[in-house]
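Here is the structure we will look at.
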Amino acid sequence: MTTGLVAKFQGIYIALYSAYDDNGEVSRERAKKLARHYASTGVTGLYVGGSSGEGILQSVEERKVMLEAVLEEVKGELKIIVHVGANSTRDSVALSRHAEQCGADAISAVPSIYYRMSEAAVEHHWQSMIDSSSLPFIIYNIPQTTGFNLSVPLLRKLAAQDKVVGVKMSGESTFDLQQYKMAGGEDFLVFNGPDEQFLAGRIMGADGGIGGTYGVMPELFCTLDRLFGLGRIREAQSLQNVINDFIKRLLRYPSLYGACKHILQLRGVATGEPRLPLLPVRPEDHASLMELNQDMIAATAKYAQASTMEGAQRHA
Ligand SMILES: CC(=O)N[C@H](C=O)[C@@H](O)[C@H](O)[C@H](O)CO
Ligand SMILES: CC(=O)C(=O)O
């Protein structure tokens, strides 16, 4: 039995993509349509403005618009965690305050990037966001892009505060993930970052996941999570294998987000191209992306059927 914060926040969170119009401006309308698209997929919530959401490539104003649109559409239906990390503490604090004003469920942040930051500087940066809002705070550790790896002592120190409720662990070591889970204590959340090892992360203690590829296969990740919860590990393994084949195919394109956004467009959900320097897909990519989309849709249907059968068996 899980109680408290873990019970409240655990689950599958789609790292939401950016939503731009055809001129590359943030589009409220497309952001709403994108959020709506996910409302009935079974996911717990959305992670807005993170890596996949290109928050780091947007102005503070654009990030506010994006969050407001998402909340207007799905507040109360989906839990909304908003990434408020910006390079300056000043901007990060402004975004933290805004997140609270407009009713997000939690905030989260990476360290400041570009300058090599001491642990003391990162701690001060995060603490400023924590202090500027009453929302729960989720540390975002993604050392391969930020160059900063969260230490267990810093995690322990931050987690001692009631407002610091969890960590999104995007580093690849599931041992580190397990160490965070142990250090955070009983009611501390750990979210798996690398989608390719979702199952491994869950086995080592993650309470759920926040991922950049969930947005093109949300139902598959929900099923994977459920299979793990039911202890059906062999089936979970084979589903993770299916998912990883899709992820490997997605990673072949000029940018992961460009490929994912193109797939969404094929499903009738336009979100524009990723913002440069993230590259869009090329015309020569269209045919293979159409095939990948079809394969994902087929796998989703197949696993939906499998879970119906399982439901029927349970009720028999
Ligand atoms: C480095 C990175 O962006 N990691 C994401 C978040 O943790 C993942 O969700 C990846 O997008 C995903 O695992 C695909 O490699
Ligand atoms: C991938 C991920 O979790 C993010 O976009 O922040």
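Residues: numbered from 1 along the sequence shown. Indexing begins at 1, ligand by ligand and atom by atom, following the structure's order.
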- line: One finds that the ligand 2 atoms under 4.0 Å from a non-hydrogen atom of Ala15 are 1 (C), 2 (C), 3 (O), 4 (C), 5 (O)

- prompt: Under 4.0 Å from any heavy atom of Ile210, which atoms of ligand 2 are there?
  reply: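 Reading through ligand 2 atom by atom, the close ones are 3 (O).
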
- request: Select all protein residues for which some heavy-atom-to-ligand 1 distance is less than 4.0 Å, and list them by chain and number.
  value: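 Close residues (ligand 1, cut-off 4.0 Å): Ile142, Gln144, Lys168, Ser170, Gly193, Pro194, Asp195, Glu196, Gly211, Gly212, Thr213, Leu256, Tyr257.
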
query: If we only count N/O pairs under 3.5 Å, is Tyr47 in contact with ligand 2?
result: no

Regarding [X] and [Y], do their side chains bring together a donor and an acceptor under 3.5 Å, going by distance alone?
{"X": "Gln127", "Y": "Gln161", "result": "yes"}
{"X": "Tyr115", "Y": "Asn87", "result": "no"}
{"X": "Ser151", "Y": "Glu119", "result": "yes"}

field: Flag side-chain contact, heavy atom, 4.5 Å: Phe198 against Ile243
entry: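 Phe198 vs Ile243: side chains apart.
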
Side-chain touch Tyr140/Val167, heavy atoms, less than 4.5 angstrom: no

Protein heavy atom at shortest distance from atom 1 (C) of ligand 2: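 Ranked first by proximity to atom 1 (C) of ligand 2 is Gly212 N, 3.3 Å.
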
statement: shortest atom 3 (O) of ligand 2-to-protein heavy-atom contact is with Lys168 NZ, 2.4 Å

task: Indicate, with yes or no, if the rings of Phe191 and Tyr13 have centres closer together than 6.0 Å.
output: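 Close enough - the centres of the two rings lie under 6.0 Å apart.
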
query: Under 30°, 30 to 60°, or over 60°: which ring-plane class applies to His286 and His262, parallel, tilted or perpendicular?
result: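 Parallel.
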
message: Taking atom CZ as the centre, does Arg267 end up with more than 12 heavy-atom neighbours from other residues, nucleotides or ligands that are less than 6.0 angstrom away?
response: yes

Would you tabulate the side-chain donor-acceptor contacts of residues 101-108 under 3.5 Å, counting partners in other chains and residues two or more places apart, or write 'none'?
unit_1: Asp105; atom_1: OD2; unit_2: Ile80; atom_2: N; d: 2.8
unit_1: Ser108; atom_1: OG; unit_2: Tyr47; atom_2: OH; d: 2.7
unit_1: Ser108; atom_1: OG; unit_2: Ile138; atom_2: O; d: 2.7

message: Would Tyr140 count as a contact residue for ligand 2, given that I'm defining contact as a non-hydrogen atom of the residue lying under 4.0 Å from a ligand atom?
response: yes

